[in-house]
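In what follows, chains carry the letters A, B, and so on, assigned in the order in which the sequence lines appear, proteins first and then strands, with residues in each chain numbered from 1.
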There are 2 protein chains.
Amino acid sequence: MNQTPWQPISPAKPVRASREPLTRERIVDAALRLLVEQGYEAVSMRKVAQALGTGPASLYAHVANKKELDQLMLDRAAAEMDLPDVDPEQWQEQLKAAMREILRVMRAYPGLARAAIGQVPLGEHALLTTERMLAILKAGGVPDQAAAWAVDLIPLFITATAFEESVQGAAGVAPEDLDVFVDQLRSYFGSLDPARFPLTIALAAAMTTGASGDDRFEFGAQVIVAGLASMVPRD
Amino acid sequence: MNQTPWQPISPAKPVRASREPLTRERIVDAALRLLVEQGYEAVSMRKVAQALGTGPASLYAHVANKKELDQLMLDRAAAEMDLPDVDPEQWQEQLKAAMREILRVMRAYPGLARAAIGQVPLGEHALLTTERMLAILKAGGVPDQAAAWAVDLIPLFITATAFEESVQGAAGVAPEDLDVFVDQLRSYFGSLDPARFPLTIALAAAMTTGASGDDRFEFGAQVIVAGLASMVPRD
DNA sequence: GTTCGTCAACGAACAGTGTTCGAAAGTACG
DNA sequence: CGTACTTTCGAACACTGTTCGTTGACGAAC
């Protein structure tokens, strides 16, 4: 009755939203997938949203900001850490094993270490990791204050190591190019002025050893563990 | 003769360029000034250019990219480091003094540590720093391979420390708020489930001690130095 | 079934980043 | 003066994180 002959032609409305509602968990899943595939720098709100079939603004209903997304990813990573049981006779080796495990997980998420730096690890899983390290240290007789500070120092070392690796990985150094780089570095050291850099020249080979593999990390772990052991009172 | 009555009104041409030609050195100066005043994140090509009275594109005639500018700033910082002379009887204290000096300079340039991570320090000044550390380590009888790797480990620790501090500083934690934060952290630790986090609870006070000042850094330095000392053969 | 309130989803826009490209201006040399 | 080269510059690109206002979906109450 009220129909006019010029009904407006309304454009087809795009279907709204993806079929599955967004959740924080889905967002973290998508972000971690992106991180594993393309590295940390590739994890932008836009890319995460795109992977979920939505727009970046939609994410903000579930995570406060990018920083919070980072922390959620970190806690997810920490959930994968499986630290060794405590054995007082083996505390030093166990501490090293714990360090290796933390590094293993960090390596699985290239660049995520960047998000860990400067943050007090308060996620549930991170706290469980801290608790286990404390247990190992106390089992070894490390004094309270040293143990308390060691659970800062150790993650600092591991995080920095993981972060450094990720920076180098992101710079696109292929494994086969590493030997070339090492050779160039040795040549460079060898070309320095012997009057000013005698030790650098003398130790060039040693300094360029262990560029691949875990030798450097294991060395650092040994230094830290031995340093902590030196703080254990003698009975 | 050829003058028409409708002379175009041409807008006044802006004076071109700053009076003083751009140089790489001026660019690094401006960048470091910005960094000291506003922190590393504030050092954008636009801001640097603006401080020099030009546009960001002009900078690229002198520095390849932002990353190169970062490295130039780093080498400038390294030039300020004044490491102690070598005394074999005091090598451990000297190594710690060297570490303090490196940290001091890093602190003077908040956030610059980020640029150091993952880079092999090949600038002239950085190499002189490495050489001095090697001298200290060798004077102390540290084996070659350990010394060679120590000159990676030590800067890694210091750089990570400086970087962590700068992240916390950039988050805007005022000195007077630090006590509040520490109290909140203790309360948080105290509120954890004692069945799952007995040591975290027991050591909460110790873990939140030393949030300001250098206690944590000094602890880390002592651990590393003691660890290295454990590698010195006994005669 | 209808209405209302709440919340999630969304697009547009903002303010910012590093960088490139082509044009214009400056400088040195023949 | 003309030419070649270099520096400077504006516009634009492709991207970042985030906000704001609107729309749509959903559940509860009537």
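Ion pairing of D214(A) with R107(A) is present here, as a side-chain N (NZ or NE/NH1/NH2) and a carboxylate O approach within less than 4.0 Å. In this structure, R24(B) pairs ionically with E68(B), as a charged nitrogen and a carboxylate oxygen lie closer than 4.0 Å.
Regarding Q50(B), its CD atom lies at a distance of 9 Å from the P atom of dT17(C), rounded to whole Å. Rounding to whole angstrom units, CG of residue L22(B) and C1' of dA25(C) are separated by 14 Å. Put simply, CD on Q38(A) is 15 Å from C1' on dT16(D), counting in whole angstrom units. Atom CG of L59(B) is separated from atom P of dT17(C) by 13 Å (rounded to the nearest Å). We find that CE of M45(A) is positioned 16 Å from C1' of dG11(C), with the value rounded to whole Å. Distance, K67(A) NZ to dT18(D) P: 11 Å, rounded to whole Å. When rounded to the nearest whole Å, the span between CG of L34(B) and C1' of dT17(C) equals 15 Å. Rounded to whole angstrom, the span from the NZ atom of K66(A) across to the P atom of dG16(C) amounts to 20 Å.
For the residue pair E80(B) and Y109(B), a side-chain donor N or O sits within less than 3.5 Å of a side-chain acceptor on the partner.
Under the 6.0 Å distance and 45° angle rule, K66(A) counts as a cation-pi partner of Y40(A). For the pair K96(A) and F157(A), the NZ or CZ position fails the cation-pi test of under 6.0 Å to the six-membered ring centre and within 45 degrees of the ring normal.
As judged by a 4.0 angstrom heavy-atom cut-off over every strand, S44(B) is placed among residues touching the sugar-phosphate backbone only. Using a 4.0 Å heavy-atom cutoff across all strands shown, V63(A) reaches no nucleic acid atom at all.
Comparing dT7(D), dT19(C), dA9(C) against the side chain of A61(B) picks out dT7(D) as the nearest.
Each of A57(A) and A42(A) was matched to the nucleotide of DNA chain D holding its nearest heavy atom; the match closer to the 5' end belongs to A42(A).
For the OP1/OP2 pair of dA9(C) and a distance below 4.0 Å, the side-chain nitrogens and oxygens of H62(A) include at least one atom meeting the criterion. A close approach under 4.0 Å does not occur between any side-chain nitrogen or oxygen of K47(A) and OP1 or OP2 of dC15(D).
Side-chain N/O atoms of R46(B) and base N/O atoms of dG18(C) include a donor-acceptor pair closer than 3.5 Å.
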